[in-house]
Amino acid sequence: MRKYADYIWPVVGLCAVVFAGWLLYRELSGISLAEISSAIGAIPLKNWVGAIVATIIAYGALAWYDRIALMHLGKHLPWPAISLVSFTTYALSHNIGASVFSGAMVRLRAYGAMGLSLAEVGVLVALCSFTFGFGAVLLGGLVLVGEPHIIQRLFNIPQGWAFGAGVALLALVALYVYGSWKEFRPWRIGNFSIVYPRMPIVIRQLFAAPLELIGAAGIIYFALPDAYNPGFFIVLGVFVASFCVALASNAPGGIGVLEAVFIMAMPGVPKADVLAALLVFRLLYLLIPLAFSLVVVVLFERSRLSKVMQERLAEAGKERQGGRPHDGAAG
């Protein structure tokens, strides 16, 4: 089974992308590029400013994820270094897909150069991923309790069930916080164990975890037209659902999956306006950070290569200097 399990998620992801692509084609087949361009051009300057600020908040919260994980490990690194590594990691992993693995490779290369071991980087990646999931559960619970009717935008489920699901999600959050407070023993699932972080770490997670999703959803909220905007809470709930589905699909950047879910969940907003808002989201949250991250990676690898070459030259110089007296004595 393990042999075949390696192929399950890629197949699931491919099927999700194909299905989402078909849904997206069906929903957008009657929309022209001129309509989308007009919708983007109609976004006022103040909304662009709001979307840019929301992007900064989102990436600032992602840097906080790394900072929290490093605190858990007892490592103290300067904020600028953490922010740069986090920004580069998420900019690449959000666009490449398979964020756990691609993010791990970037962090291993960067934090390894700062003295972290392979095991420590593994814990950091796992805790950052957990912090994101924690935020999704927390916000999902709040949205379902506050706006239980939102579930009917995607599924034909009674509001009472949605409210109950929201209460259950918030109960999981409360259990996690309580377990940390009371220092519960780790959960063990086979050879895998989940250790409750210290309470100061959990308190930071309670703020940082939802902040990234709030910032990312804010980009779309500001990019939607005021006349059809359903409100931030609705946009947030739809974004959490669509973003989690997009991540689970393993599609690069969640392409097609994010758009399909969002358009289905926004029946009261013109499709051209929804697509325009999602294009703004991809531009600010994915494409521009990707361009900057590629520059950072090139500069980092260049500096590492230069350092290695200098070390090799220094070692070669020491070997030559060490060999001269020996040659003279032999003569």
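Being a predicted model, the structure only gives us computed values, none of them experimental.
Of the possible donor and acceptor atoms, one in the side chain of Ser86 sits under 3.5 Å from a partner among the backbone N and O of Ala63. With hydrogens and angles disregarded, no donor-acceptor distance shorter than 3.5 Å links the side chain of Asp273 to the backbone of Pro225. Glu183 contributes no side-chain N or O that, together with a main-chain N or O of Ser180, makes up a donor-acceptor pair within less than 3.5 Å. In terms of modelled atom types and a separation under 3.5 Å, the side chain of Asn229 and the main chain of Tyr221 share a donor-acceptor contact.
Contact detail for Leu127 and Ala69: the closest heavy-atom pair is CD2-CA, 3.5 Å. Nearest heavy atoms, Val143 versus Gly237: CG1-CA, 3.8 Å. Heavy-atom minimum distance, Phe233 versus Gly146: CE2-CA, 4.0 Å. In terms of heavy-atom proximity, Pro230 sits nearest to Leu224 at CD-CD1, 4.3 Å. Of all heavy-atom pairs between Ala162 and Pro148, the closest is CB-O, 3.5 Å. Closest approach of Ala216 and Ala58 over heavy atoms only: N-CB, 3.8 Å.
To the nearest 0.5 Å, atoms CD1 (Ile56) and CD1 (Ile52) are separated by 7.5 Å. Ile150 contributes atom CD1, which lies 4.0 Å from atom CD1 of Ile234 (distance to the nearest 0.5 angstrom). Rounding to the nearest 0.5 Å gives a distance of 9.5 Å between CH2 of Trp79 and CG of Leu70. Distance check, rounded to the nearest 0.5 Å: CD of Glu120 to CG of Leu108 gives 11.5 Å. In this structure, CG in Leu213 is found 5.0 Å from CZ in Phe132, a value given to the nearest 0.5 Å. Atom CG of residue Leu77 and atom CG of residue Asp66 lie 10.0 Å apart, to the nearest 0.5 angstrom.
Contact check for Val280 versus Trp48: side-chain heavy atoms found under the 4.5 Å cut-off. Contact of the Val202 side chain with the Tyr176 side chain is registered, since non-hydrogen atoms from C-beta on lie closer than 4.5 Å. Looking at heavy atoms from C-beta onward, Ile82 lies in side-chain contact with Tyr111 at the 4.5 angstrom threshold. Using a 4.5 Å cut-off on side-chain heavy atoms (C-beta onward), Met266 and Arg153 make contact. A 4.5 Å side-chain heavy-atom check between Thr131 and Arg204 finds every atom pair outside the cut-off. Considering only heavy atoms from C-beta on, His72 comes within 4.5 Å of Val123 through its side chain. In this structure, the side chains of Phe130 and Gln205 come closer than 4.5 Å at one or more pairs of heavy atoms. In this structure, Ile220 and Leu278 have side chains that are in contact, with non-hydrogen atoms separated by less than 4.5 Å.
Under 3.5 Å, the side chains of Glu212 and Tyr59 contain no donor-acceptor pair of N or O atoms.
Glu259 and Arg282 are joined by a salt bridge, as a carboxylate oxygen and a charged side-chain nitrogen come within less than 4.0 angstrom of each other.
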Quick one: do Phe134 and Val173 satisfy side chain to side chain contact (heavy atoms under 4.5 Å, CB included)? Show the steps, please. CA-CA 7 Å; Phe134 180 68; Val173 172; 3.7 Å; yes
Are Asp226 and Asn47 close enough, and set up right, to give a side chain to side chain contact (heavy atoms under 4.5 Å, CB included), and what steps lead you there? CA-CA 10 Å; Asp226 294 338; Asn47 287 38; 3.8 Å; yes
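Under a cutoff of 6.0 Å and an axis angle of 45°, Arg107 and Tyr90 form a cation-pi pair.
Aromatic ring orientation, Phe281 versus Phe239: perpendicular (interplanar angle above 60°, classes split at 30° and 60°).
Hydrophobic cluster membership differs between Leu287 and Phe262, with clusters built from Ile, Leu, Val, Met, Phe, Trp and Tyr side chains linked at under 4.5 angstrom.
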